[in-house]
Amino acid sequence: MAPTRSSRAIVISGPSGAGKSTILKRLFDEYPDRFGFSVSHTTRAPRGAEQDGVEYHFVTKEQFNDLVEKKGFVEHATFGSNSYGTSIAAIEEIEKKGRTCILDIEMEGVKQVANHPTFPRPRFLFLSPPSMDILEKRLRGRATDKEADILKRLNQAKVEMEFAKSPEAPHDKIVVNDDLEKAYQEAKAFIVGEDA
Ligand SMILES: Nc1ncnc2c1ncn2[C@@H]1O[C@H](COP(=O)(O)OP(=O)(O)OP(=O)(O)O)[C@@H](O)[C@H]1O
């Protein structure tokens, strides 16, 4: 039987604090069998009870670089001495289960995915805060970050917002997360489409 819905991956991006996790949590709760997150690769060592293939695919730097060379990552980045990446194979794992893969990634990753030479273009959703003032209030209200982190996130948010307005941005849809219910319904309509 032909699949009744598109399994094309969905990329959700937007500044830290825009509400991506909040909206995705609701979506996964409403559609428990429909979506999945891919398991990323990392060169960092497992922590505590972390298991290979569950939290991450734990690989050596050589294995990681090999996959980079083969264009096996749709996006990858290095933070400090550790590299992280989303592989095409990991996305396909989700698709094999008949689920749509959701990628929650930051701006540089979005650019890489959009410019990947072989990966089929996913659909891009950008979640925007209503204003920088409100974003700042939400980041402070979340109370998970230190002051220095909040300032870093706000600075990066300006860069992300500028990018979203630029012609280079690949976004197919921008949802402004002012009223959460409204933003959720708009994001859902884009992600789930006509089957909503
Ligand atoms: N529409 C909204 N109105 C008020 N508060 C909101 C709204 N949407 C999200 N929030 C709150 O804003 C904070 C940031 O949201 P969330 O953690 O989902 O952002 P995020 O985009 O996933 O951030 P990060 O990229 O850092 O993970 C949370 O405390 C959340 O409860």
Side-chain angles (χ1 to χ4, degrees), residues 9-32 34-42 44 47 50 54-56 73-80 82-86 90-91 94 100-114 122-166 169-192 196:
I10 308 262
V11 172
I12 179 165
S13 64
S16 173
K20 302 178 295 294
S21 315
T22 306
I23 284 186
L24 289 179
K25 181 171 185 315
R26 233 181 114 171
L27 187 75
F28 279 55
D29 285 349
E30 186 172 342
Y31 298 93
R34 185 146 175 173
F35 300 103
F37 287 126
S38 55
V39 177
S40 298
H41 283 58
T42 183
R44 81 151 167 75
R47 292 181 193 135
E50 283 181 342
V54 179
E55 285 82 4
Y56 284 99
F73 288 115
V74 292
E75 58 94 31
H76 64 94
T78 301
F79 303 103
N82 297 318
S83 299
Y84 298 82
T86 307
I91 295 171
I94 303 298
T100 300
C101 185
I102 305 254
L103 302 167
D104 175 350
I105 49 183
E106 51 68 62
M107 188 182 71
E108 291 305 326
V110 168
K111 292 180 193 171
Q112 291 179 29
V113 178
R123 299 166 68 223
F124 291 90
L125 169 67
F126 183 82
L127 191 64
S128 170
S131 70
M132 291 301 288
D133 280 355
I134 292 178
L135 180 66
E136 182 167 358
K137 284 198 186 95
R138 287 185 190 162
L139 282 172
R140 292 190 189 289
R142 189 165 70 168
T144 50
D145 308 287
K146 294 191 213 108
E147 179 62 21
D149 286 336
I150 290 177
L151 297 179
K152 255 192 239 162
R153 286 176 198 276
L154 287 170
N155 272 328
Q156 182 56 26
K158 284 183 202 140
V159 178
E160 300 239 356
M161 297 299 289
E162 282 307 311
F163 170 66
K165 282 186 232 151
S166 75
H171 310 119
D172 300 300
K173 173 83 182 166
I174 296 180
V175 171
V176 177
N177 182 13
D178 188 352
D179 175 69
L180 181 59
E181 182 59 33
K182 189 165 168 281
Y184 175 66
Q185 294 305 334
E186 275 179 41
K188 182 170 95 172
F190 174 75
I191 294 171
V192 180

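Note: hydrogens, waters and symmetry copies are ignored here, and every other heavy atom, side chains too, is used. Whatever order the structure lists ligands and atoms in, that order sets their numbers, starting from 1.
- Taking 4.0 Å as the cut-off, G17 counts as a neighbour of ligand 1 on heavy-atom distance.
- Atom 11 (C) of ligand 1 has as its closest protein heavy atom R138 CD, 4.2 Å.
- When heavy-atom distances to ligand 1 are checked against a 4.0 Å cut-off, I23 has no atom that comes that close, whether in backbone or side chain.
- Taking only nitrogen or oxygen atoms, main chain and side chain alike, G141 does not reach within less than 3.5 Å of ligand 1.
- The main-chain N or O of A183 is never found under 3.5 Å from a side-chain atom of K188 such that the two would form a donor-acceptor pair.
- The aromatic rings of Y31 and F35 sit perpendicular to each other, their planes meeting at more than 60°, with 30° as the lower class boundary.
- With E106 contributing its side chain and G109 its backbone, the two residues share a donor-acceptor pair below 3.5 Å.
- At least one heavy atom of R153 sits less than 4.0 Å from an atom of ligand 1.
- Near P15, the atoms of ligand 1 lying under 4.0 angstrom from a non-hydrogen atom of the residue are 21 (O).
- At a 4.0 Å cut-off, at least one heavy atom of D178 sits close enough to ligand 1 to count as contact.
- Figure legend: K158 and F163 shown without cation-pi pairing, the cationic atom not lying both under 6.0 angstrom from the six-membered ring centre and within 45 degrees of its axis.
- Contact annotation: for A183 versus ligand 1, there are no heavy atoms closer than 4.0 Å.
- Checked by atom type and distance alone, the side chain of N177 pairs as donor or acceptor with a backbone atom of A18 at under 3.5 Å.
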